[in-house]
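Proteins come first, then strands; the chains are lettered A, B, ... in the order of their sequence lines, and each starts at number 1. Keep in mind that this is a model prediction, so the values were computed, not measured.
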Number of protein chains: 2
Amino acid sequence: METRKISQAVIRRLPRYYRYLGELLEDGVERISSNDLSKRMKLTASQIRQDLNNFGGFGQQGYGYNVKYLHTEIGKILGLENKHNFIIVGAGNLGQALANYSHFENQGFILKGIFDVNPTLRGMSIRDVPVRMMSEMKDFIKENNIEIAVLTIPKECAIDVAKDLVDAGIQAIWNFAHVDLNVPDNVIVESVHLSESLMRLSYNISRYNEDHADK
Amino acid sequence: METRKISQAVIRRLPRYYRYLGELLEDGVERISSNDLSKRMKLTASQIRQDLNNFGGFGQQGYGYNVKYLHTEIGKILGLENKHNFIIVGAGNLGQALANYSHFENQGFILKGIFDVNPTLRGMSIRDVPVRMMSEMKDFIKENNIEIAVLTIPKECAIDVAKDLVDAGIQAIWNFAHVDLNVPDNVIVESVHLSESLMRLSYNISRYNEDHADK
DNA sequence: TAGATTGTTAATCGATTAACAATC
DNA sequence: TAGATTGTTAATCGATTAACAATC
């Protein structure tokens, strides 16, 4: 199978296509043209067609795209038909919030364990998943076929823990710590830097206020 | 003052520069060249100089950049010297987690209120901030000089609540709901779509597995 | 002064948009 | 068949990289 290089820009848009198609599906819309979709998503029709054609010709001339089919196909591209076992590392506020967020299960992500260094959390469970001690983590990963670790710990220890995760053979890390992790090429990292997002918000407020300063 | 158009790509990198400079500052590094910084951040030196020169000449030939000065200046550009009052709308798991996250205070974001529709949450407080009923929200925004609303509610009600926020004169929305908000031009929206981030992770796992399938 | 490194212009690369022939 | 809309090639636009004169 020929492997074309897909740009980051396209990959970033894929989940958004998936979301919009899911909404259309819920609304009972059977088919949609790139032009109609472009208006909803505030993109150009051209860009949508280009993006999709990176992965194949999902449409039909004169008809457009079948919503259900395209939704399913993008789901496949995103790997959502696969099940992924994951653990949460760091049972603080954010870790607990993500553990409680059962919605991920619908997308094939199955919470298998929660880990923390704090011994007072021992015995606690979230959605029937017990909090375990960090010292048990490596063995747990190996024995329970864990693919993904969600890292919700302070940045100070994130790099060391990431190293442990890599040693244990983790395949991917969803990183919420405020550091950039340097891991081997065979480990996938997707970071969510909340404070950077908030700074962009702050930047835009400043710019807006500057532009509208009355003087 | 001349307003140059700053590209989204540059804005996205700004907080990351700020973070790296903060780390250098903590480590006691006084000055750094674009070349050294580029190696740490895995960018090109050229890109760093281009990015910074969108905002002014912060460096000195033959010397490089003064870490403390540059850190401060980027902080100003990001608007971090300003204080921003904010409220959290939706006191579920994520809302509570963000309310507990006191780190935002350091960056000038001050939690003034938490709102929810659920009456059983009435009387609860997080870091001395009481949970109030959604019906009080509009007046509270107007009376307490609230600039930012953090939206951590299900997507079903997000659009309606966003409308209320706009009506109450909110300046910016940090949106965690799984919808794209359509608000007037004078309201700033910064979205964090966690499920889309997770899908990109999933995509990368699939791509990796495909490339390494033994056949 | 000589060496280092910026600020900035020019060249390249990649992504987005436009156009249109193919085709349902 | 005529109309609609895709898939795809070509044109444009913007962002990144390279190069180098200016200068500390």
Side-chain angles (χ1 to χ4, degrees), chain A residues 1-17 20-21 24 29-74 77 200 203 207, chain B residues 1-17 20-21 24 29-74 77 200 203 207:
Chain A
M1 191 197 182
E2 193 224 343
T3 12
R4 235 180 308 188
K5 175 89 184 96
I6 309 295
S7 79
Q8 285 302 313
V10 174
I11 297 169
R12 212 172 297 129
R13 284 191 292 271
L14 272 183
R16 193 156 171 266
Y17 288 127
Y20 272 83
L21 288 164
L24 287 167
V29 177
E30 257 179 42
R31 67 189 180 100
I32 194 155
S33 67
S34 56
N35 197 252
D36 286 351
L37 188 57
S38 75
K39 278 173 198 149
R40 284 172 183 260
M41 296 186 65
K42 298 186 178 167
L43 299 173
T44 64
S46 206
Q47 181 165 61
I48 292 174
R49 294 202 299 276
Q50 286 278 22
D51 283 354
L52 297 179
N53 276 89
N54 280 299
F55 303 98
F58 301 117
Q60 198 169 71
Q61 284 97 328
Y63 173 89
Y65 298 88
N66 179 287
V67 172
K68 189 170 187 179
Y69 173 69
L70 186 56
H71 184 256
T72 307
E73 288 305 307
I74 295 181
I77 293 164
R200 286 191 289 273
Y203 171 87
R207 209 60 351 99
Chain B
M1 190 200 180
E2 193 225 343
T3 12
R4 232 178 313 184
K5 176 88 184 98
I6 310 294
S7 79
Q8 285 301 314
V10 173
I11 297 170
R12 213 173 297 130
R13 284 190 291 272
L14 273 183
R16 194 158 170 264
Y17 289 127
Y20 271 83
L21 288 163
L24 287 167
V29 178
E30 257 180 40
R31 67 187 180 101
I32 195 156
S33 66
S34 57
N35 197 252
D36 287 351
L37 189 57
S38 75
K39 278 172 198 149
R40 282 172 185 261
M41 295 187 65
K42 298 184 177 168
L43 299 172
T44 65
S46 204
Q47 181 165 60
I48 292 174
R49 295 202 297 277
Q50 287 277 22
D51 282 356
L52 297 179
N53 275 89
N54 280 298
F55 304 98
F58 301 118
Q60 197 168 72
Q61 284 98 330
Y63 174 88
Y65 298 87
N66 179 287
V67 172
K68 190 171 186 179
Y69 173 69
L70 186 56
H71 184 256
T72 307
E73 289 304 308
I74 295 180
I77 293 163
R200 285 191 289 271
Y203 171 86
R207 209 55 358 92

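Proximity of residues 40-52 of chain A to DNA chain C (heavy atom under 4.0 angstrom from any strand atom) is restricted to A:T44, A:S46, A:Q47, A:R49, A:Q50. A heavy-atom distance below 4.0 Å to DNA chain D is reached by these residues of residues 58-65 of chain B, ordered by number: B:Q60, B:Q61, B:G62.
Distance OG/A:S34 to CD/A:Q50: 11.0 Å, rounded to 0.5 Å. Remark: B:E30 CD to B:I32 CD1 distance equals 12.5 Å, nearest 0.5 Å. A distance of 11.0 Å separates CG of A:N54 from NZ of A:K5, quoted to the nearest 0.5 Å. In this structure, CD1 on B:I6 lies 4.5 Å from OH on A:Y203, to the nearest 0.5 angstrom.
Within the 4.5 Å cutoff, the side chain of B:L43 has no heavy atoms near those of the B:Y20 side chain. Residues A:F58 and A:I74 form no side-chain contact, since every pair of their non-hydrogen atoms from C-beta on lies 4.5 Å or further apart. Counting heavy atoms from C-beta outward, A:D51 and A:I48 have side chains that stay 4.5 Å or more apart.
Applying the side-chain hydrogen bond (donor to acceptor under 3.5 Å, both in side chains) rule to pairs touching residues 35-44 of chain B yields A:N182-B:K42, B:N35-B:K39, sequence neighbours excluded.
In plain terms, the two heavy atoms of A:M41 and A:R16 that are nearest each other are O-NH2, 3.0 Å. A:L14 and A:F55 get closest at one heavy-atom pair: CD1-CZ, 3.7 Å.
Among the protein residues, B:R13 comes within range of the sugar-phosphate backbone only, with heavy atoms under 4.0 Å from sugar or phosphate atoms but none that close to a base.
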Both distances under 3.5 Å, Watson-Crick or G-U wobble: on that basis, could you give the dot-bracket string for DNA chain D, with [ ] for crossing pairs and | for other-strand partners?
-> ..||||||||||||||||||||||
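A 4.0 Å heavy-atom criterion places the boundary nucleotides of DNA chain C facing chain B at C:dA4 to C:dA10, written 5' to 3'.
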When the side chains of residues 60-70 of chain A are checked against the rest of the protein, which donor-acceptor pairs come out under 3.5 Å, sequence neighbours left out?
{"from": "A:N66", "atom 1": "OD1", "to": "A:K68", "atom 2": "N", "distance (Å)": "3.1"}
{"from": "A:N66", "atom 1": "OD1", "to": "A:Y69", "atom 2": "N", "distance (Å)": "2.9"}

